[in-house]
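First the proteins, then the strands, lettered A, B, ... as listed; each starts at 1.
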Number of protein chains: 2
Amino acid sequence: MLNQSTSLDLAFQALADPARRAMLERLSQGPASVSELAKPLQMSMPAVLQHLAVLEQAGLASSRKTGRVRSCELNAARLEDVQKWLNARRAEWEARFDRLAAYLNTLDEGNKNG
Amino acid sequence: MLNQSTSLDLAFQALADPARRAMLERLSQGPASVSELAKPLQMSMPAVLQHLAVLEQAGLASSRKTGRVRSCELNAARLEDVQKWLNARRAEWEARFDRLAAYLNTLDEGNKNG
DNA sequence: GGAATAGTTAAGTATTGACTTATCTATTTG
DNA sequence: CAAATAGATAAGTCAATACTTAACTATTCC
């Protein structure tokens, strides 16, 4: 599947990096400048800007420049998209468990009544 | 953060590939052999095995071989770990919104009573 | 036992990813 | 206006990904 990126691909890919997750953790508490995002990270500014670009392309963050400062913020909607996929998997998984339990129950009932 | 992989890194990284997500979608409905996982994917068996290895290393799936067939299954616990991180971000995000709303409310109250 | 089945290993390639340093451009601020 | 601040762009490096083909190993079935 090389080179065909859906929106979920980009989101999960963006979330896979600890530096980017740290940036999102900061942003989930409110807007921040690029420098603020960079401060706790041990890497150069260009690296941080590249991570920010990845987050923006994934739709997980957005930013706009005012004067010389770029203010960044979290895009919670995309976070929700990711959660939806995970929830769907969990739901299927649990549905199967429920069916299994129900089946085992009929076996037990049959045992009682046979 | 090159070369220091936490468990979340591996999980998100594994989830970033559409072929691997397809495998997990299949596995969320119950166990499957490697061939079954491979069938809907347009790639060679070695490629599928490599994807499976990524899922296992990320803790998202496990497998064991019986005879000549390897049976794979979903590991829902690791899926939950991922959900927890996302839930935490959403919670922080919403808490900030609530605080903001409460603050705006005090402004409004002050306006009425002043 | 021999052919088909199911998976495995090895090794190679092309593309992405995650940085770096160096340089450059706007905006404040003293 | 000069210096500090905040960010941006370019270009290069090195490692990791996502495949591929070819060859090989166990099972199972006839």
Side chain to side chain, A/R21 and B/D9, heavy atoms closer than 4.5 Å: yes
The correct set of residues in residues 61-74 of chain B placing a heavy atom under 4.0 Å from DNA chain C is B/K65, B/R68, B/V69, B/R70
Can you name the residues that form a side chain to side chain donor-acceptor pair (under 3.5 Å) with A/E25, not counting sequence neighbours? B/W85
To the side chain of B/M43, which of D/dT9, C/dT20, D/dC19 is closest? D/dC19
Close approaches to DNA chain C from residues 20-29 of chain B, in residue order (heavy atom, under 4.0 Å): none
Can you tell me if B/H51 touches the phosphate of D/dT17, counting only side-chain N or O atoms and a distance under 4.0 Å to OP1 or OP2? no
Partners of B/E56 by side chain to side chain donor-acceptor pair (under 3.5 Å), sequence neighbours excluded? B/S63
Sequence neighbours left out, what passes side-chain contact (heavy atoms from CB on, under 4.5 Å) with B/A61? Give chain and number order. B/L27, B/L55
Set of side-chain contact (heavy atoms from CB on, under 4.5 Å) partners for B/N87, sequence neighbours left out: A/Q83, B/Q83
Mind checking salt bridge (Lys or Arg N to Asp or Glu O under 4.0 Å) for B/E80 and listing every partner two or more places apart, or none if nothing turns up? A/R90
B/R70: salt bridge (Lys or Arg N to Asp or Glu O under 4.0 Å) partners, not counting sequence neighbours: none
Only counting residues at least two apart or in another chain, list the ones meeting side chain to side chain donor-acceptor pair (under 3.5 Å) with A/E92. A/R89, B/S28
Could you go over nucleotides 21-24 of chain D and give all protein N or O partners under 3.5 Å, atom names and distances?
none

Taking CG from B/L52 and C1' from C/dT9, how many angstroms apart are they, rounded to a whole number? 15 Å
Contacts of type side-chain contact (heavy atoms from CB on, under 4.5 Å), residue A/S44, not counting sequence neighbours: A/P46, A/A47
